[in-house]
A.B. asks: 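Just dropping this structure here.
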Amino acid sequence: MAIWLFKSEPFKFSLEDLKNSPDQTTTWDGIRNYQARNLIRDEIKVGDTVLFYHSRCEPPGVVGIAEVTSEAYPDYTAWDPKSDYYDKKSKESAPTWLMVDVRYEKDLPQMVSLKQMKENPELEGLMVTRRGARLSIQPVSEAHYEIILKMGGLS
DNA sequence: GCCAACGTTGGC
DNA sequence: GCCAACGTTGGC
């Protein structure tokens, strides 16, 4: 079972929004990057753990834990011309973009900021701490995950 | 198939 | 709001 870091801009969709969603579950739609799409298609499985990360805010960081609750399926927002995520390349017969469902699990008692993660030498190699790591879905190792939980007040 | 131009992400 | 880093597009 793998661990992932999912980025979200809290003014668009926050951990709080996830908690308040029906069934505390949402479709993780709008992924429009091939590397992230390939992770969704090939690597991400039901039951995988998600570190919910708030980006483009002060401070950015991991705020909670969620769980993947579906296999990959077509991101239908790509077919909706009114959607911000509309992409005419994606056909219903051959969907370009995929998504999974994600369910709220818990808040971290204390958020773990990007700054803290960068300052912790035990997290060396963690993708999100690297400069220019724009990928919105990133793999996280079990060891790094345990450290982040501890930093967030869980263990 | 190269690569310059452009658009977006996201920390600061 | 700035701008570095990166991904994508499109002319050639």
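Letters go in sequence order (proteins before strands), and every chain restarts at 1.
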A.B. asks: Apart from Phe13(A) itself, what residues make up its hydrophobic cluster when side-chain heavy atoms of I, L, V, M, F, W and Y under 4.5 Å apart count as a link, directly or indirectly?
C.D. replies: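 Trp4(A), Phe6(A), Leu15(A), Leu18(A), Trp28(A), Ile31(A), Leu39(A), Ile40(A), Ile44(A), Val50(A), Phe52(A), Val63(A), Val68(A), Leu98(A), Val100(A), Val102(A), Tyr104(A), Met111(A), Met127(A), Leu135(A), Ile137(A), all in the cluster of Phe13(A).
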A.B. asks: Are the side chain of Asp75(A) and the backbone N or O of Met99(A) linked by a donor-acceptor pair below 3.5 Å?
C.D. replies: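 It does not hold such a pair.
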A.B. asks: Indicate, with a heavy-atom threshold strictly under 4.0 Å, whether Glu58(A) touches base, sugar-phosphate, or nothing.
C.D. replies: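 No contact.
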A.B. asks: For Tyr34(A), enumerate each residue passing the ring-ring contact (aromatic ring centres under 6.0 Å, His included) test, keeping only those at least two apart in sequence or located in another chain.
C.D. replies: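 Scan of Tyr34(A) (ring-ring contact (aromatic ring centres under 6.0 Å, His included), adjacent residues dropped) gives Trp97(A).
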A.B. asks: Atom CZ of Arg37(A) and atom C1' of dT8(C): how far apart are they, to the nearest Å?
C.D. replies: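 Taking CZ of Arg37(A) and C1' of dT8(C), I get 14 Å after rounding.
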A.B. asks: Among Ile, Leu, Val, Met, Phe, Trp and Tyr joined by side-chain contacts under 4.5 Å, find the other residues sharing a cluster with Phe11(A) and list them by chain and number.
C.D. replies: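 So far as hydrophobic clustering goes, Phe11(A) is joined with none.
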A.B. asks: Considering only side-chain heavy atoms of Lys89(A), which listed nucleotide, dT9(C), dG10(B), dC12(B), is closest?
C.D. replies: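 The answer is dT9(C).
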A.B. asks: Enumerate the salt bridge (charged side-chain N to carboxylate O under 4.0 Å, His left out) contacts for residues 125-145 of chain A, please, sequence neighbours excluded, ordered by first and then second residue.
C.D. replies: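 Passing the test, one end in residues 125-145 of chain A: no pairs.
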A.B. asks: Please tabulate, one pair per line, each protein N/O and nucleotide N/O from nucleotides 2-4 of chain C that are separated by under 3.5 Å, including the distance.
C.D. replies:
from	atom 1	to	atom 2	distance (Å)
dA4(C)	O3'	Arg131(A)	NH2	2.9

A.B. asks: Can you list, by chain and residue number, the hydrophobic cluster partners of Tyr86(A) when the side-chain cut-off is 4.5 Å?
C.D. replies: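 Reading the cluster by chain and number, Tyr86(A) sits alone, since nothing else belongs.
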A.B. asks: Can you tell me which nucleotide in dG10(B), dT8(C), dG7(C) comes closest to the side chain of Lys7(A)?
C.D. replies: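 It is dG10(B).
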A.B. asks: Counting heavy atoms from C-beta on, name the nucleotide in dT8(C), dG11(B), dG10(B) closest to the side chain of Lys118(A).
C.D. replies: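 Looking only at side-chain atoms, Lys118(A) lies closest to dG11(B).
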